[in-house]
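Given the structure is predicted, the values throughout are model-derived calculations rather than measurements. By convention in this document, chain letters (A, B, ...) are assigned in the order of the sequence lines, proteins followed by strands, and residues within each chain are numbered from 1.
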Protein chains: 6
Amino acid sequence: MTKVAQTPLVPDNTLITKTPEEGRALAVVLARHSIHAMQGELETLKSGRAHYANDAQGLIAASHVIAVEFGTIAAANNYWR
Amino acid sequence: MTKVAQTPLVPDNTLITKTPEEGRALAVVLARHSIHAMQGELETLKSGRAHYANDAQGLIAASHVIAVEFGTIAAANNYWR
Amino acid sequence: MTKVAQTPLVPDNTLITKTPEEGRALAVVLARHSIHAMQGELETLKSGRAHYANDAQGLIAASHVIAVEFGTIAAANNYWR
Amino acid sequence: MTKVAQTPLVPDNTLITKTPEEGRALAVVLARHSIHAMQGELETLKSGRAHYANDAQGLIAASHVIAVEFGTIAAANNYWR
Amino acid sequence: MTKVAQTPLVPDNTLITKTPEEGRALAVVLARHSIHAMQGELETLKSGRAHYANDAQGLIAASHVIAVEFGTIAAANNYWR
Amino acid sequence: MTKVAQTPLVPDNTLITKTPEEGRALAVVLARHSIHAMQGELETLKSGRAHYANDAQGLIAASHVIAVEFGTIAAANNYWR
């Protein structure tokens, strides 16, 4: 099996972003990297993704994780006020 | 398959809104855009939506995500006090 | 199909309430309006409600959403201290 | 069907309690009253309860709601420091 | 059926602990006592536990509750800074 | 059955880390140790892990727990600002 490249859990090792848009993109990345940390085999990951990406409940569950990560990142950035 | 138009994750790149009503609408949009970011194929998205929109558990799960997003947006706006 | 009447997402456009009891009632309303925003057909909504209202897991899931909404409203009101 | 007695959502209309123990008991009550607000028929409620009380997943889901309610109550009481 | 001994919901009636380790142990206890409060019959509890303890989804759901309780306890202790 | 080695719930008994990357790694460890605290038998743990690691819903649920733990750790570290 192909291994996914070893990536840091937090890109650039910071929660601070210039804009809400970048903060949101970071939230998506954090959620994704958690899954990579648990599940390194690329093929399984791709087939798993194929599965939940067509499944409404899986998409909602994943969007919930992004919402929680974003709450932390937004607080870190003092909500970009 | 038709691709959905590329949209920003955070409309207007800000969490600040004039009113709680607009903040709530933004929470709905953030939740929706997370799903778009993961699932770009318009047809699947529409059929998936058709599915959970008739399913009580799916609706409750989606309303949970909106609640979490709204918590972040409300804090960003200092609760519109 | 009968459409539900168009309602605002946040009644009176404020999170501020006089008492915890009113804040709690607002939390229930916010959760309900999220679902209305996603699912406008009255008949499906009623049959969906009939379903989860008799289902312990659905009731617990819905009470979870109310708990999250209430956390935001309570913070907005400085916990009615 | 027997209707449950109409109860307030927040007993004594306050989140302030003397001790963490009382705050915890309040969290249990808030979670329970949410369910009463949605599901007023006493018989269904009792049979629903019988069901989840013997089901590990239902018990864990219910304890999750209590945890969220308690987080709000603890913050309201400045954590009884 | 054997009843479990009546225990307080919050041991020692405080959220304050000396260390993060003790705070974490308290989070586990709070989650457990919620379940005891709802489900007093010792035999069912033991068989229920046997069930979810061998089930990955049940373990993840239970660890989620611990995470939420710990968030409250950590805040109460000002994160043991 | 082989028992897993007894480990502390919070490594080094602190939530303070030097960087977001280390904080994130701690979040993964806290989530994992909760599961160890509930489920000590190594073989079952490994087979359970094998199961959810190939299951998209299980991976999303586990990443949700990491997100919640990370929120607490990030707050403890004042978001490494």
Exactly one candidate in E:N13, E:L15, E:V10 meets side-chain contact (heavy atoms from CB on, under 4.5 Å) with D:W80; the answer is E:L15
OG/E:S63 to CD1/D:I60 distance, rounded to the nearest 0.5 angstrom?
9.5 Å
Using a 6.0 Å cut-off, check whether atom CG of E:D12 has over 12 heavy atoms from anything other than its own residue.
no
Chain D contact via E:L30 - which portion, at a heavy-atom distance below 4.5 Å
both
Which residues pass the side-chain contact (heavy atoms from CB on, under 4.5 Å) test with E:A25, not counting sequence neighbours?
F:L9
Closest heavy-atom pair and its distance - E:A61, D:Q57
CB-OE1, 4.1 Å
Per the salt bridge (Lys or Arg N to Asp or Glu O under 4.0 Å) rule, what does the pair list look like for residues 57-81 of chain D, sequence neighbours excluded?
C:R24-D:E69
Determine the sole option in D:I66, D:V65, D:V68 for which the side-chain contact (heavy atoms from CB on, under 4.5 Å) test with E:V68 is passed.
D:V68
May I have the step-by-step check of side-chain contact (heavy atoms from CB on, under 4.5 Å) for D:Y79 and E:T72, ending in yes or no?
CA-CA 8 Å; D:Y79 304 99; E:T72 302; 4.1 Å; yes
